[in-house]
Amino acid sequence: MNIVTELFVVTFKIIWSFLLAGAKWFIPPREKSVEGHVCVITGAGSGLGRLFAQEFARRRATLVLWDINRESNEETAEMVREIYRETLPSADKVRKEVGNIDLLINNAGVVSGRHLLECPDELIERTMMVNCHAHFWTAKAFLPKMLELNHGHIVTVASSLGLFTTAGVEDYCASKFGAIGFHESLSHELKAADKDGIKMTLVCPFLVDTGMFNGCKIRKEMAPLFPPLKPEYCVKQAVRAILTDQPMICTPRVMYMVTFMKTVLPFDAIVCMYRFIGADKCMYPFLAQRKESTNNNESKIGI
């Protein structure tokens, strides 16, 4: 095939992909069944991870719940068992009793809540390890069997702060940008290997009302336009995207526009827009609150 013919074919495929995407607005795709499928969820002990566990339990998936907080993780497991009892507690159980998984949801996340120059190195490393590097290790653990079977689904729960940034949370933004970069590169690798049976979904929510960023606020006149997302809404939207094999989901939808504007506007224009909305220093009240809380705790224990 010569390059002119190939260019014509590529152009047709691009137009066709736009038409297919538009058609989904009018004819929503059917959700796939995950009954009996093995689903690993990291960060399952609280927040979005716990809600993901409950949603997939309602769909009768076999769950593997991971969290560094064992007590919270067991609380989630008990909640899930009240819905559907198929819950496995560890990776060893998966390997011995199941052998492979169908769905991997990399959801675990932490934030240091410190300005860069006030943040200890170990907290920066912790943020990168949990929010980014862990995605590599879970993928390396479970991807080989997915490749062998050409079957599976990997979900990266990132953040809108992995698409655009704000001041004061450099480590968090860097970790989420890294997670998104990993996800997109792996997606391309699977396509290059013609492993179309392995699906990838990137989840990028705006500020979610889980308590992680308590105190964060924008200009009060703009606040009604960008309210914190209810965790239940965020997870329901993400689960629907996963079950319809949607490659990416941003919530709310205005985040798509914000991301697009970042790619076309000069940086100084973005700064002006941030300052108008109050997004340039929106994390500062959160950082001040975390600093005060840390100082109080240190005073109580005599540090």
Side-chain angles (χ1 to χ4, degrees), residues 21 25 47-48 51 107 109-119 123-124 127-128 131-132 156-181 183-184 201-238 240-241 246-294:
W25 284 82
L48 299 185
L51 292 172
N107 164 79
V110 296
V111 61
S112 67
R114 308 280 187 95
H115 287 280
L116 176 63
L117 299 183
E118 299 174 357
C119 190
L123 286 187
I124 295 174
T127 300
M128 295 303 297
N131 295 1
C132 181
T156 299
V157 181
S159 169
S160 59
L161 289 179
L163 299 170
F164 51 86
T165 62
T166 189
V169 282
E170 289 84 358
D171 58 336
Y172 185 81
C173 290
S175 67
K176 292 300 184 179
F177 266 78
I180 290 175
H183 179 97
E184 291 184 351
T201 298
L202 176 63
V203 180
C204 292
F206 181 57
L207 184 66
V208 184
D209 189 14
T210 59
M212 178 177 275
F213 290 105
N214 276 346
C216 173
K217 59 183 179 180
I218 60 174
R219 185 173 176 174
K220 63 180 181 180
E221 294 88 351
M222 295 293 173
L225 299 177
F226 299 95
L229 296 174
K230 294 294 183 184
E232 295 80 5
Y233 167 79
C234 179
V235 168
K236 284 184 181 299
Q237 292 295 310
R240 171 159 177 75
Q246 187 173 327
M248 180 180 182
I249 175 71
C250 289
T251 49
R253 290 187 180 276
V254 71
M255 291 299 109
Y256 293 108
M257 182 58 67
V258 175
T259 304
F260 174 74
M261 291 174 68
K262 178 197 169 187
T263 64
V264 298
L265 291 178
F267 182 72
D268 287 344
I270 295 172
V271 171
C272 288
M273 183 176 66
Y274 268 41
R275 287 177 176 171
F276 174 72
I277 297 172
D280 58 330
K281 298 179 180 179
C282 66
M283 289 292 177
Y284 282 22
F286 155 71
L287 295 170
Q289 185 172 300
R290 287 289 287 264
K291 184 175 183 179
E292 181 180 355
S293 176
T294 301

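Separation of atoms CE (Met128) and CD1 (Ile124) is listed at 10.0 Å; rounding is to 0.5 Å. Once rounded to the nearest 0.5 Å, the distance linking NZ of Lys176 with OG1 of Thr156 reads 9.0 Å. Distance check, rounded to the nearest 0.5 Å: CZ of Phe164 to CD1 of Ile270 gives 10.5 Å. To the nearest 0.5 angstrom, Cys173 atom SG is 4.5 Å from Leu161 atom CG. Of the inter-residue distances, the one linking Cys132 atom SG with His183 atom NE2 reads 13.0 Å to the nearest 0.5 angstrom. Atom CG of Leu48 is separated from atom SG of Cys234 by 5.0 Å, given to the nearest 0.5 angstrom.
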Side chain to side chain contact (heavy atoms under 4.5 Å, CB included) between Lys291 and His115, worked out: CA-CA 10 Å; Lys291 184 175 183 179; His115 287 280; over 6 Å; no
Pair Met261-Met273, side chain to side chain contact (heavy atoms under 4.5 Å, CB included): steps then yes or no: CA-CA 10 Å; Met261 291 174 68; Met273 183 176 66; 3.3 Å; yes
Between Val254 and Phe226, does the side chain to side chain contact (heavy atoms under 4.5 Å, CB included) criterion hold? Intermediate values first, please. CA-CA 9 Å; Val254 71; Phe226 299 95; 4.2 Å; yes
Would you check, one step at a time, whether the test side chain to side chain contact (heavy atoms under 4.5 Å, CB included) holds for Cys204 with Met255? CA-CA 9 Å; Cys204 292; Met255 291 299 109; over 6 Å; no
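Shown are Leu117, Leu123, Leu116; of these, the side chain to side chain contact (heavy atoms under 4.5 Å, CB included) with Cys119 is made only by Leu123.
With Thr201 contributing its side chain and Gln246 its backbone, the two residues share a donor-acceptor pair below 3.5 Å. With Asp280 contributing its side chain and Val271 its backbone, the two residues share no donor-acceptor pair below 3.5 Å.
The two residues Ile180 and Ser159 make their nearest non-hydrogen contact at CD1-O, 4.1 Å. Residues Pro227 and Pro224 come closest through the heavy atom pair CD-O, 3.5 Å. Of all heavy-atom pairs spanning Thr210 and Pro231, the tightest one is CG2-CG, 3.9 Å. When all heavy atoms of Cys250 and Met248 are compared, the closest pair comes out as SG-CE, 3.4 Å. Contact record, Gln289 with Gly215: OE1-CA, 4.0 Å, taken as the closest heavy-atom pair. Annotation for Asn131 and Gly109: closest pair OD1-CA, 3.1 Å, computed over non-hydrogen atoms.
Note on residues 252-268: no pairs pass side-chain hydrogen bond (donor to acceptor under 3.5 Å, both in side chains), not counting sequence neighbours. Listed by first then second residue, pairs satisfying side-chain hydrogen bond (donor to acceptor under 3.5 Å, both in side chains) with a partner in residues 161-173 read Ser112-Asp171, Thr127-Asp171, not counting sequence neighbours.
With contacts defined as side-chain heavy-atom distances shorter than 4.5 Å, the pair Thr251/Leu229 qualifies. Considering only heavy atoms from C-beta on, Val111 comes within 4.5 Å of Phe286 through its side chain. Looking only at side-chain heavy atoms (C-beta outward), Leu207 and Ser160 stay at 4.5 Å or farther from each other. No side-chain heavy atom of Arg275 sits under 4.5 Å from any side-chain heavy atom of Lys281.
With sequence neighbours left out, Phe276 forms a side chain to side chain contact (heavy atoms under 4.5 Å, CB included) with Arg219, Met222.
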